[in-house]
Amino acid sequence: MSTASNDILSWTNQDPRESQLFNSWGVLYRFQTSVSPNGQSVTTLWRTIRPNKEDRVAKLEWAANGGLGRVVIGKNTLPMSDLVRSDTRIYGSRVFNGPDGLQYRWRPSANSPDILLQDSNGNVIAFFRPTRQTRYQIGDVFGELHFVRTAGAGTVMHPPIMDTVTVTAMLYRFCMAWNL
């Protein structure tokens, strides 16, 4: 699987809740987590729409115990667990329904350390590739999120799908790190 360089986002920080995704154009997505005085952790996903201008893509409100809570994407509020439902057919895989109503699956690759995102027809439309820690001016990079622009319906780079891919990739990484 190869992807064009602009379709690869370098992902900073081992904790995806406080991280940035960037390419040669600059930072495209930014996860920012804050803790309120009552102890509630909230992670906001921002998408750069032009220099010095960001739009809020999602707000993730974590459970009091630090586990999965609820997510607000656009005008939709749902349990985070709906975006990382276990799929018993494939070990380590998680499924979710995309904004197009179709089911998608994050799953470990059978022959590499990659985590693959498959559309409802089994096409790999994106993947997360862990990398050796590399220092950049923006921050230390621990992985890359690759978008396969031409796979499946060819819509993975369109904002509603791309935003959902980014949110679910973060949640998948979080669930795997904390064994949720």
Side-chain angles (χ1 to χ4, degrees), residues 1-4 7-19 21 23 28-29 31 33 43 45 57-63 65-74 76-133 141-180:
M1 268 173 291
S2 64
T3 49
D7 299 343
I8 301 171
L9 299 179
S10 296
W11 202 326
T12 67
N13 208 340
Q14 284 184 297
D15 183 349
R17 296 170 299 172
E18 191 66 43
S19 61
L21 289 92
N23 62 14
L28 186 59
Y29 287 104
F31 288 97
T33 300
T43 300
L45 174 59
V57 171
K59 184 171 81 170
L60 299 100
E61 300 167 343
W62 300 95
N65 65 358
L68 300 176
R70 69 181 191 158
V71 60
V72 180
I73 301 177
N76 300 317
T77 301
L78 60 151
M80 285 182 199
S81 57
D82 283 3
L83 296 177
V84 282
R85 295 187 314 271
S86 290
D87 182 356
T88 56
R89 294 175 296 169
I90 301 170
Y91 177 78
S93 69
R94 303 292 181 116
V95 296
F96 65 93
N97 293 331
D100 54 5
L102 299 175
Q103 190 173 82
Y104 294 84
R105 174 185 296 111
W106 283 105
R107 62 167 295 176
S109 170
N111 53 12
S112 76
D114 295 348
I115 305 299
L116 311 176
L117 178 62
Q118 296 175 311
D119 67 11
S120 55
N121 294 316
N123 299 306
V124 174
I125 61 166
F127 58 96
F128 175 76
R129 174 167 291 158
T131 61
R132 198 166 32 109
Q133 181 179 351
V141 169
F142 292 87
E144 298 170 339
L145 185 57
H146 293 241
F147 292 90
V148 185
R149 182 182 297 268
T150 57
T155 59
V156 73
M157 298 295 286
H158 298 187
I161 301 283
M162 191 173 179
D163 294 346
T164 304
V165 167
T166 305
V167 169
T168 58
M170 187 279 285
L171 285 172
Y172 183 94
R173 289 183 62 202
F174 179 82
C175 287
M176 294 301 104
W178 295 100
N179 216 12
L180 298 176

Going by side chain to side chain contact (heavy atoms under 4.5 Å, CB included), name the residues that satisfy it together with Ser86, two or more places apart in sequence or in a different chain. Arg94
Can you tell me how far apart OG (Ser19) and CE (Met170) are? Round to the nearest 0.5 Å. 7.5 Å
Hey, is the main chain of Arg129 close enough, under 3.5 Å, to the side chain of Glu144 for a donor-acceptor pair? no
Results of side chain to side chain contact (heavy atoms under 4.5 Å, CB included) for Thr168 - residues two or more places apart only: Leu83, Phe96, Trp106, Thr164
Would you confirm whether Ser10, through its side chain, and Val141, through its main-chain N or O, come within 3.5 Å as a donor-acceptor pair? no
Nearest non-hydrogen partners of Pro160 and Pro99, listed with the distance: O-CG, 3.5 Å
Locate the shortest heavy-atom distance separating Met162 from Leu28; write the atom from each residue and the value. CE-CD2, 3.5 Å
For Glu61, the side chain to side chain contact (heavy atoms under 4.5 Å, CB included) test, sequence neighbours excluded, returns Gln40, Val42, Lys59, Arg70
What's the spacing between Ile115 CD1 and Phe127 CZ if we round to 0.5 Å? 11.5 Å
Can you list the residues that meet the side chain to side chain contact (heavy atoms under 4.5 Å, CB included) rule with Arg89, with sequence neighbours excluded? Asp87, Gln103, Arg105
Under the side chain to side chain contact (heavy atoms under 4.5 Å, CB included) criterion, do Leu117 and Phe128 qualify, and how do the steps go? CA-CA 8 Å; Leu117 178 62; Phe128 175 76; over 6 Å; no
Go through the steps to decide whether Phe142 and Gln133 satisfy the test side chain to side chain contact (heavy atoms under 4.5 Å, CB included), and finish with yes or no. CA-CA 5 Å; Phe142 292 87; Gln133 181 179 351; 3.5 Å; yes
Leu45 and Val167: which non-hydrogen atoms are nearest, and at how many Å? CD2-CG2, 3.4 Å
What I'd like to find out is whether the side chain of Asp119 reaches to under 4.5 Å of the side chain of Leu102, using heavy atoms alone. no
So, the side chain of Asn121 versus the backbone of Asn123: is there a donor-acceptor pair under 3.5 Å, distance only? no
Go through the steps for Leu21 and Leu145 under the test side chain to side chain contact (heavy atoms under 4.5 Å, CB included), then give the verdict. CA-CA 8 Å; Leu21 289 92; Leu145 185 57; 3.8 Å; yes
Residues 170-180 vs side-chain hydrogen bond (donor to acceptor under 3.5 Å, both in side chains), sequence neighbours excluded, gives none
May I ask you to test the Leu171-Leu60 pair for a side-chain heavy-atom distance under 4.5 Å? yes
Within a strict 4.5 Å, meaning less than it, do heavy atoms of the Thr12 and Phe31 side chains meet? no
Going by ring pair (Phe, Tyr, Trp, His ring centres under 6.0 Å), name the residues that satisfy it together with Tyr29, two or more places apart in sequence or in a different chain. none
Correct closest heavy-atom pair for Leu68 and Ala63 would be O-CB, 3.5 Å
Under a 3.5 Å distance rule, please check whether Asn13 uses its side chain to pair with a backbone N or O of Pro16 as donor and acceptor. no
Derivation of the side chain to side chain contact (heavy atoms under 4.5 Å, CB included) call for Phe174 and Met80: CA-CA 11 Å; Phe174 179 82; Met80 285 182 199; over 6 Å; no
Does the side chain of Arg85 come within less than 4.5 Å of Asn97's, by heavy atoms? yes
For Gly92 and Pro108, work out which heavy atoms get closest and say how close. O-CD, 3.5 Å
Exercise: identify the closest heavy-atom pair between Trp11 and Thr166: CH2-O, 4.2 Å
With rounding to the nearest 0.5 angstrom, report the CD1 to CG distance, Ile73 to Leu78. 6.0 Å
